[in-house]
Protein chains: 2
Amino acid sequence: MESAEASFAPRPLLRTRLTARFGLAHPILSAPMAFIAGGALADAVSQAGGLGLVGGGYAGLLPGEPELYEELPLLQGRRHGVGFITWALQQRPWVLDELLGSFTPTCIMLSFGDPRPFAQHLHQLRIPLLCQVQTLQQARLAVEAGATAIVAQGQEAGGHGGARSTLPLVPELADYLARQSPDTLLLAAGGIMDGRGLAAALLLGADGVVMGSRFVACRQARTALAALQRIIQANGDETVRTTAIDALRGLPWSDVYSYRVLHNALTRQWAHREAEARSMYGSWSERYEQARMNQDFDTAAVAVGEGVGLIDDAPDAQAIIQRTVELAALLLGRGTAQYGLPGKREDLG
Amino acid sequence: MESAEASFAPRPLLRTRLTARFGLAHPILSAPMAFIAGGALADAVSQAGGLGLVGGGYAGLLPGEPELYEELPLLQGRRHGVGFITWALQQRPWVLDELLGSFTPTCIMLSFGDPRPFAQHLHQLRIPLLCQVQTLQQARLAVEAGATAIVAQGQEAGGHGGARSTLPLVPELADYLARQSPDTLLLAAGGIMDGRGLAAALLLGADGVVMGSRFVACRQARTALAALQRIIQANGDETVRTTAIDALRGLPWSDVYSYRVLHNALTRQWAHREAEARSMYGSWSERYEQARMNQDFDTAAVAVGEGVGLIDDAPDAQAIIQRTVELAALLLGRGTAQYGLPGKREDLG
């Protein structure tokens with residue numbers, strides 16, 4: 001497998017601290033999206049010069065998630081990461097222990113919860129910890145956990161997320177890290193769909209990006225065809241961020257996290273009745289699961305970000321990465337120059 | 001006054017379609033913030049090479065707003081715009097008619113409502129119409145109104161705004177305009193605080209930016225000192241977007257627009273009880289107005305954007321513009337190159 005990887009050599013166009021640290025051709029990670037990001041997607045992304053992450057999701061708490069023991073062998077010998085929903089992993093910590101007993105992922109990404117309980121084990125194994133955060137306060141915990149990289153996720157993102165937005169969050173965290181932990185890498189996530197988003201993220205102070213929604217619409221994602229059709233047709237006015245769906249389906253998400261999905265019959269009925277939905281916690285559990293299995297996306301939600309209006313195809317993951325870095329390099333106009341911008345205070349004296 | 005302007009010649013660093021269209025040195029407009037943006041701020045911004053807009057706000061519907069007939073003479077002979085809250089202006093349309101009888105603003109900006117009823121009068125006078133929008137759907141109305149420029153405002157912005165975010169909204173509107181109305185300029189607003197934000201906005205497809213919150217904290221703004229102190233101390237986790245305040249104080253805002261303010265005692269009590277606040281419409285009207293007059297910012301709100309964590313001083317408006325364009329030019333690395341990026345479809349073939 002190593003030789004297969006070596007025979008394929010994507011041409012680096014944008015060098016950053018991220019590409020140097022992980023030996024990547026391109027500063028792009030694919031998000032470890034629960035249910036959507038299996039081994040095939042991660043493999044295609046890594047083969048194309050990015051770093052693919054497999055969605056460990058709810059760590060087996062929910063039915064129907066990809067089985068890591070089937071997905072990860074697709075990546076043997078190729079760089080890859082695995083991501084988990086932190087609060088779910090806290091309920092089933094043995095899932096990570098068993099994983100690390102059988103596989104050696106390039107990194108582990110933890111999102112939505114306190115990463116500190118998992119940090120020591122990963123540090124002992126010398127496996128880099130990536131912490132996805134939605135606030136400055138969470139970034140402080142990630143630094144405390146010794147994160148190799150912090151992923152600043154804006155609320156533009158599809159699926160679960162917080163309240164802050166990528167454009168102001170990234171430079172604020174860049175300034176914070178420049179002062180407090182300058183060796184910690186910073187990645188941007190949320191709303192980055194093409195080379196314009198990648199170029200913008202690098203100028204805002206990120207060392208690279210995590211793209212999720214864009215890879216939901218690609219050949220290697222585990223996305224249902226009926227969901228894909230809705231994604232390709234939708235514009236960016238047609239998503240909503242709500243806590244109502246998790247309440248109705250009975251998933252114990254903290255209400256600091258909400259769920260960005262395409263508008264459908266369910267959201268039109270419930271998205272703005274969050275308190276009422278909480279009072280009916282779990283009452284839609286069976287109906288929702290049934291709809292999800294039946295690909296009935298009038299009831300089950302299609303998780304995708306506000307950038308959905310910039311998606312109008314579902315190509316190979318490799319094509320997405322290639323056109324993203326080519327456009328970003330064109331816009332930045334610097335060819336293979338080294339990125340890695342200091343915080344504004346340093347720039348301005 | 002013309003000679004004073006001519007004697008000051010800011011050095012252009014970033015040429016765009018916006019700077020060409022309005023004869024500006026820099027692609028930066030200051031937002032016409034109600035109560036905050038008077039003639040002094042607009043004058044300073046225009047003198048520094050940007051385009052300053054005076055806040056016409058609620059068109060006299062609310063007490064205590066700056067009197068346009070006192071503010072605009074500060075700008076005689078210098079380029080300037082005036083902005084209004086569209087739904088308020090619709091209730092008092094004579095305010096615009098009288099204004100245009102006495103002054104010749106460089107442009108009129110309309111935000112929060114249907115701009116079409118005002119378009120014909122402005123076109124007859126050959127006064128450019130700038131339409132601030134929060135969705136793709138509103139952008140379509142702005143094109144219909146013959147807007148010279150569309151301001152894509154992300155929900156990161158301080159004060160009133162919508163639900164979409166700057167990073168994905170700008171490229172989606174850039175693509176839309178490239179297809180439907182390529183001569184319409186596109187400006188980005190919301191979360192743009194420094195040269196990183198300006199550079200990012202240009203790469204996302206904007207011809208320039210509208211900065212609001214950054215100019216709330218400057219010497220020429222009409223910002224209360226007690227509010228300024230809170231702004232300088234706050235980080236970006238400490239703002240919230242809510243409809244509760246307008247309900248409590250009895251302002252008839254459509255609930256598609258919410259109000260981003262610093263967290264304070266009022267928001268901690270009310271920000272997440274929006275339905276309840278609506279049921280108490282106007283009940284805080286007197287108490288709120290009293291607090292605002294007394295600069296009691298535990299009760300009255302301080303309107304500022306999520307980028308507040310990137311504000312740590314209150315310099316001259318000129319210094320803000322100068323350091324913003326200098327850093328943006330440095331990041332973009334192109335000196336005086338011409339910007340004006342085509343939509344992604346053109347770039348990608």
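A note on names: the letters A, B, ... follow the listed sequences, proteins ahead of strands, and every chain is numbered from 1.
- Atom CD in E156(A) sits 10.5 Å away from atom CG in L169(B) (nearest 0.5 Å).
- A heavy-atom distance below 4.5 Å is found between the side chains of P171(B) and L310(A).
- Remark: R196(A) engages D175(B) in a salt bridge, criterion side-chain N to carboxylate O under 4.0 Å.
- Within the 3.5 Å criterion, the main-chain N or O of G236(B) finds a donor-acceptor partner in the side chain of E172(A).
- In this structure, chain A has a heavy atom under 4.5 Å from the side chain of Q155(B), while its backbone stays farther away.
- Heavy atoms only, all atoms of each residue included: S165(B) and S165(A) are closest at OG-OG, 3.4 Å.
- Between E306(A) and P168(B), the shortest heavy-atom distance links the atoms OE2-CG, 3.5 Å.
- The contact between A199(B) and chain A is made by backbone and side chain atoms together, counting heavy-atom distances below 4.5 Å.
- With chain B as the partner, the residue from T166(A), V308(A), L167(A) showing the most heavy-atom pairs under 4.5 Å is L167(A).
- Between L332(B) and L332(A), the closest side-chain pair of non-hydrogen atoms is not below 4.5 Å.
- D237(A) places a side-chain N or O within donor-acceptor distance of the main-chain N or O of L136(B), the cut-off being under 3.5 Å.
- Of the inter-residue distances, the one linking Q137(A) atom CD with N235(B) atom CG reads 8.5 Å to the nearest 0.5 angstrom.
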